[in-house]
Amino acid sequence: MPKKIKAVILAGGDMTVSEPLLELLRGGELVIAADSGLRHAKALGLRPQVIVGDFDSLEPQDLQHYPNTPQQRFKPNKDELDLELAINYAKAQAATDIIFMGATGGRLDQSLAALFIAAKLQGEGVNVSLDSGKQRIYPLTAPATLELPWPNTILSLLSLSESSDVSLTGTHYPLNHAILPFGVGLGVSNVIDKEALLNLHQGQLLVILEYDKSQGMPWLYKDQKLV
């Protein structure tokens, strides 16, 4: 059985250092900074193996912290996003699991592109998740099962395909082979009771978790570092 390789891509969107985010990062063997995503490395106590992108939004002071880190520079008039260049690097290293860190919450176009890119990547057989420290997102392609052991967390499901067949237990609003059409809010704002289990029988889905401090979710870990 091939060895699993977990890659962390630091993207240029918003990020909050939180306990769920730090837990997700543990075991990451490959850290890739995509252009201005490099600024998140210091906050997380991470040292990237490589910095990729066109370096058009990367602050010089952030780059000065990593003088010996290898760089892959590209021309600004390229076709790919810096995030896609980082994904290509992760694929070349045979990554089986990829986390997009800080890929949402900034520019809307960049956030939507990150979600669609992640969904396409997951459909190709790579385990993908996105985390900003306030939200975690899993793209899923059927058949798929996902355990969600986070009580009091807001859970939303959005179909990316024409319709998705979903079963869900352990939430305020359980589902049993419910059909979620594309372009509706039917799956938005559910809440996990204790531990939820999701089964996607058909279709493609975005699973969105909102960490809510008022719901009792552990929140900021300002000084915690990863090793």
- Note on the structure: For Ala34 and Ile9, the nearest pair of non-hydrogen atoms, with its separation, is CB-CG2, 4.3 Å
- Query: What residues form a side-chain contact (heavy atoms from CB on, under 4.5 Å) with Phe116, not counting sequence neighbours?
  - Reply: Leu112, Leu160
- For the side chain of Ser18 and the backbone of Gly133, is there at least one donor-acceptor N/O pair under 3.5 Å apart? yes
- Note on the structure: residues 71-115 vs ring-ring contact (aromatic ring centres under 6.0 Å, His included), sequence neighbours excluded, gives none
- Query: Listed by chain and number, what are the side-chain contact (heavy atoms from CB on, under 4.5 Å) partners of Glu59, not counting sequence neighbours?
  - Reply: Gln61, Asp62
- Message: Is it the case that the side chain of Gln204 and the backbone of Ala119 share a donor-acceptor pair, with hydrogens and angles ignored and the cut-off at 3.5 Å?
- Response: yes
- Please list, chain by chain and in numerical order, all residues satisfying ring pair (Phe, Tyr, Trp, His ring centres under 6.0 Å) with His201, sequence neighbours excluded. His177
- Task: Using atom types as modelled and distance alone, determine if a side-chain donor or acceptor of Asp54 lies under 3.5 Å from a backbone N or O of Asn77.
- Result: no
- Verify, without hydrogens or angle tests, whether Glu84 (side chain) and Leu81 (backbone) share a donor-acceptor contact under 3.5 angstrom. yes
- Message: Checking the side chain of Asp35 only, and the main-chain atoms of Leu58 only, is there a donor and an acceptor separated by less than 3.5 Å?
- Response: yes
- Task: Would you list the pairs meeting ring-ring contact (aromatic ring centres under 6.0 Å, His included) in which at least one residue belongs to residues 31-71, sequence neighbours left out?
- Result: none
- Do Ile32 and Gln93 come within less than 4.5 Å of each other through their side chains, counting heavy atoms only? no
- Message: Please find the pair of heavy atoms, one from Leu168 and one from Leu198, that lie closest to each other, and give the distance.
- Response: CD1-CB, 3.8 Å
- Query: If every non-hydrogen atom of Thr153 is compared with every non-hydrogen atom of Glu210, which pair is closest and at what distance?
  - Reply: CG2-O, 3.4 Å
- Query: Can you tell me if Arg39 uses its side chain to pair, donor with acceptor, with the backbone of Gly12 under 3.5 Å?
  - Reply: yes
- Members sharing Ile5's hydrophobic cluster (side chains within less than 4.5 Å): none
- Message: Between Gln202 and Ala142 (side chain of the first, backbone of the second, donor and acceptor by atom type, cut-off under 3.5 Å), is there such a pair?
- Response: no
